[in-house]
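Some notes on the structure that comes next.
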Amino acid sequence: MKQAANALAAEAVDMLGEQPVAPGTLVVGLIGPGNNGGDGLYALAQLEDQGYATAALQCASSVHSDALSVYESAGGRIVPYSQDNQSLADATLIIDALYGLGYRSGAELPRIPRGSRVLACDLPSGLNPETGVADDMVLLAERTVTFGAMKSGLLTGDGPLVTGEIIVVPLDFDFSGQTPQTHMVDKQVALELLDAHRSWRDAGRHKYQRGVLGLIAGSSLYPGAAQLTARAAVNCGVGLLRTHVPEDIAPLLAVAAPETVPLNDEQIREALSSARRYLHGRGAKISAWAIGPGLDSRTPPTGVIAEVFASRQPAVIDASGLELVPAGPSEQPRVLTPHAKELRMLLRRAGVNVTIEEITADPIRWTRWAALSYNAVVLLKGPTNYIVAPDGSSLVVSHTAPQLATAGSGDVLTGILGYLLSDSSLTGVNGLQTVSNHRMMELAACAAVIHGQLGRSAALDVTVSASKLIERLPAVMKAFGF
């Protein structure tokens with residue numbers, strides 16, 4: 001408990017960011033029964049020792065007696081919540097130490113002033129730690145310090161909307177006998193995954209060695225999608241972008257992304273053939289494909305699209321491309337990137353009837369069904385991203401931003417992931433070697449982290465649109481070592 005309190009107090013100091021303590025700073029703890037309240041009281045005692053003014057509001061009939069004794073010895077004072085509401089209005093920071101894992105739906109929750117800065121102890125009060133369902137009066141946290149391990153409810157359902165930034169403090173719990181359901185990928189893990197195949201020799205590569213991405217996208221119905229994906233890939237730093245778009249879209253794309261080179265049906269077939277023969281024809285060999293943004297899904301997957309689906313070159317398939325990709329076994333390493341409604345469509349095409357509500361309640365389960373049905377890595381987009389391989393292994397990315405829920409944002413993600421898949425220094429393979437599903441899953445998670453960081457960066461000082469995301473891509477990519 002004292003280890004947890006140490007971490008909680010440290011995060012409080014970090015959020016306050018004031019050394020020495022500024023006059024008028026007040027930290028208020030909402031103290032519940034049991035160990036969660038004890039964590040809060042021990043943390044308040046540490047803050048008292050560091051010179052912060054604190055107040056503890058008792059929100060239950062009893063509190064942790066040992067922790068209360070330590071807090072009072074440090075100079076703190078606890079009063080019933082019903083007798084002191086003014087301190088909440090005066091609080092610089094509120095520590096939510098009410099219920100933690102012991103919360104039960106319907107329990108009374110205090111009202112806090114709108115706009116309060118809240119640091120949650122283990123999880124925001126009002127959030128179910130298993131399902132991620134939150135009560136209407138849940139205490140919205142700016143930051144959550146959770147102990148031992150990540151709880152699924154922090155990442156599922158309402159969790160990402162109420163937890164803020166999540167800090168995991170391992171403590172000394174022994175999980176050696178446990179098998180995690182999934183692994184979380186944050187910025188630090190993404191950097192490690194991206195560095196896995198990098199070499200000092202990368203500095204000497206020419207453009208064809210930096211990744212050649214083939215983009216099949218666009219229609220008269222959605223002329224902007226192909227432009228957004230193309231601009232995103234270019235701003236990521238792709239070596240060469242070859243684009244296959246309808247004739248009426250080509251002039252628009254040439255203006256939006258003049259670095260791109262057109263790719264016709266014959267050149268696509270030549271590129272596929274040269275890849276099989278280890279030769280280069282007139283069309284430079286394509287190292288990965290991005291398929292789907294803005295396509296007219298009424299067109300069946302015939303011709304060159306069907307031939308690309310039959311190739312062994314990795315591909316990210318998004319938007320209308322998801323309606324065209326065939327289910328079942330395939331030699332092509334693929335990443336499908338649906339949101340919940342598109343995942344329902346994919347599952348129904350594979351004979352699995354499910355509702356959006358069922359997908360939202362158990363996203364990993366249904367993403368695994370899709371990964372198995374389509375023999376592909378599936379990235380389920382949303383407030384939390386779930387990335388699952390056909391063998392059932394899974395990753396989760398909560399490093400995102402709500403501002404990414406805007407038109408064209410998914411097209412930007414497709415451009416980012418397409419670039420990552422095209423770069424052999426990241427996939428670790430050349431020629432006819434097939435990229436493993438495990439590596440495809442890792443790079444999909446990295447793309448989701450980059451996309452999330454992009455949203456956070458843009459939201460700092462502008463309202464977010466897909467075009468604004470693309471403008472910031474070079475700086476964000478540089479932060480990830482590109």
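The model shown is predicted, which means the values in this text are computed figures rather than measured ones. All values below come from the heavy atoms of this structure, side chains included, with hydrogens, waters and symmetry mates left out.
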Legend entry - Distance-minimising heavy-atom pair for Leu8 and Leu119: O-CD2, 3.6 Å

Inset, instruction - Answer yes or no: is there a donor N or O on one side and an acceptor on the other, between the side chain of Glu142 and the main chain of Glu165, under 3.5 Å? - result: no

Inset, instruction - For Phe309 and Ile291, work out which heavy atoms get closest and say how close. - result: CE2-CD1, 3.8 Å

Legend entry - Validation row: Leu154, Pro124 side chains within 4.5 angstrom (heavy atoms): yes

Inset, instruction - In sequence, state the C-alpha distance, the side-chain angles, and the governing distance for His197 and Ser425, and then conclude on side chain to side chain contact (heavy atoms under 4.5 Å, CB included). - result: CA-CA 6 Å; His197 298 292; Ser425 74; 5.7 Å; no

Inset, instruction - Decide, yes or no, whether a salt bridge links Lys468 with Asp461 under the criterion of side-chain N to carboxylate O below 4.0 Å. - result: no

Legend entry - Distance, nearest 0.5 Å, that separates CG of Leu460 from CZ of Arg472: 7.0 Å

Inset, instruction - Could you check Thr243 against Leu241 for side chain to side chain contact (heavy atoms under 4.5 Å, CB included), going step by step and ending with a plain yes or no? - result: CA-CA 6 Å; Thr243 57; Leu241 178 64; 3.8 Å; yes

Legend entry - Ionic contact status for Arg205 with Asp423, cut-off 4.0 Å: yes

Legend entry - Nearest heavy atoms of Asn36 and Cys121, plus distance in Å: ND2-O, 3.0 Å

Legend entry - Check: Arg143 side chain, Arg117 main-chain N or O, donor-acceptor pair, under 3.5 Å: no

Legend entry - Salt-bridge present (Glu266, Arg269; N to O < 4.0 Å): no

Inset, instruction - Write down the atom of Pro314, the atom of Met440, and the distance for their closest heavy-atom approach. - result: CB-SD, 3.9 Å

Legend entry - Lys NZ or Arg CZ of Lys381 over Tyr386 ring: under 6.0 Å, within 45°: no

Inset, instruction - Would you confirm whether Ser436, through its side chain, and Arg439, through its main-chain N or O, come within 3.5 Å as a donor-acceptor pair? - result: yes

Inset, instruction - Check whether more than 12 heavy atoms from other residues, nucleotides or ligands sit under 6.0 Å from atom CG of Asp136, and answer yes or no. - result: no

Legend entry - Residue pair Asp122, Val145: steps toward the side chain to side chain contact (heavy atoms under 4.5 Å, CB included) verdict: CA-CA 5 Å; Asp122 212 21; Val145 183; over 6 Å; no

Inset, instruction - Assess whether side-chain hydrogen bond (donor to acceptor under 3.5 Å, both in side chains) is satisfied between Ser409 and His451, documenting all intermediate values. - result: CA-CA 9 Å; Ser409 176; His451 192 235; 3.0 Å; yes

Inset, instruction - Could you please spell out the steps behind the side-chain hydrogen bond (donor to acceptor under 3.5 Å, both in side chains) verdict for Ser330 and Asn375? - result: CA-CA 7 Å; Ser330 168; Asn375 190 36; 5.7 Å; no

Legend entry - No-hydrogen, no-angle side-chain donor-acceptor test under 3.5 Å, Asp265 and His244: yes

Inset, instruction - Could you tell me whether the side chain of Thr260 and the main chain of Ala257 form a donor-acceptor pair under 3.5 Å? - result: yes

Legend entry - Under 3.5 Å: donor-acceptor pair, side chain of Gln267, backbone of Asn264: yes

Inset, instruction - Mind running side chain to side chain contact (heavy atoms under 4.5 Å, CB included) on His183 and Val396 for me, showing each step along the way? - result: CA-CA 6 Å; His183 295 271; Val396 62; over 6 Å; no

Inset, instruction - Using modelled atom types only, decide if a donor and an acceptor are shared between the side chain of Ser152 and the backbone of Glu130 within a distance under 3.5 Å. - result: yes

Legend entry - Donor-acceptor contact below 3.5 Å, side chain Ser116 vs main chain Val118: no

Legend entry - Side-chain (Asp135) to main-chain (Val138) donor-acceptor, under 3.5 angstrom: no

Legend entry - Between CG on residue Asn128 and OG1 on residue Thr131, distance to nearest 0.5 Å: 3.5 Å

Legend entry - Polar contact flag, side-chain donor to acceptor under 3.5 angstrom, Asp318-Thr337: yes

Legend entry - Thr434 and Arg312: side chain donor to acceptor below 3.5 Å: yes

Inset, instruction - Mind running side-chain hydrogen bond (donor to acceptor under 3.5 Å, both in side chains) on Gln313 and Trp289 for me, showing each step along the way? - result: CA-CA 7 Å; Gln313 295 160 308; Trp289 297 91; 3.0 Å; yes

Inset, instruction - Find the distance between CE (Met15) and CD1 (Ile95) and round it off to the nearest 0.5 Å. - result: 9.0 Å

Legend entry - Backbone of Ala389 reached by a side-chain donor or acceptor of Ser393 within 3.5 Å: no

Inset, instruction - Look up atom CD1 in Ile216 and atom CD1 in Ile317, then write down how far apart they are to the nearest 0.5 Å. - result: 9.5 Å

Legend entry - Residue pair Leu213 / Arg242, side-chain heavy-atom distance below 4.5 Å: no

Legend entry - Rounded distance (nearest 0.5 Å) linking atom SG of Cys446 with atom CD1 of Ile416: 11.5 Å

Legend entry - Check ion pair Arg210-Asp202 (N to O, under 4.0 angstrom): no

Legend entry - Reported CG-to-CG distance for the pair Leu417 and Leu379, which is rounded to 0.5 angstrom: 7.5 Å

Legend entry - Side-chain donor-acceptor pair present, Thr182, Ser394, cut-off under 3.5 Å: yes

Legend entry - Side-chain touch Leu322/Met345, heavy atoms, less than 4.5 angstrom: yes

Inset, instruction - Compare every heavy atom of Val185 with every heavy atom of Val449, then report the nearest pair and how far apart it is. - result: CG2-O, 3.7 Å

Legend entry - Glu331: partners by side chain to side chain donor-acceptor pair (under 3.5 Å), with sequence neighbours left out: none

Expected list for residues 228-240: side-chain donor-acceptor pairs under 3.5 angstrom, two or more places apart:
from, atom 1, to, atom 2, distance (Å)
Thr229, OG1, Ala225, O, 3.3
Thr229, OG1, Asp411, O, 3.1
Asn235, ND2, Ile470, O, 2.8

Inset, instruction - Check for a donor-acceptor pair, side chain of Lys151 on one end and backbone N or O of Ala149 on the other, with a separation under 3.5 Å. - result: yes

Legend entry - Within 45° cone and under 6.0 Å: Arg198 NZ/CZ vs Phe482 ring: yes

Inset, instruction - For Gln403, enumerate each residue passing the side chain to side chain donor-acceptor pair (under 3.5 Å) test, keeping only those at least two apart in sequence or located in another chain. - result: none

Inset, instruction - Search all heavy atoms of Met150 against all heavy atoms of Leu155 and return the closest pair with its distance. - result: CG-CD1, 3.7 Å

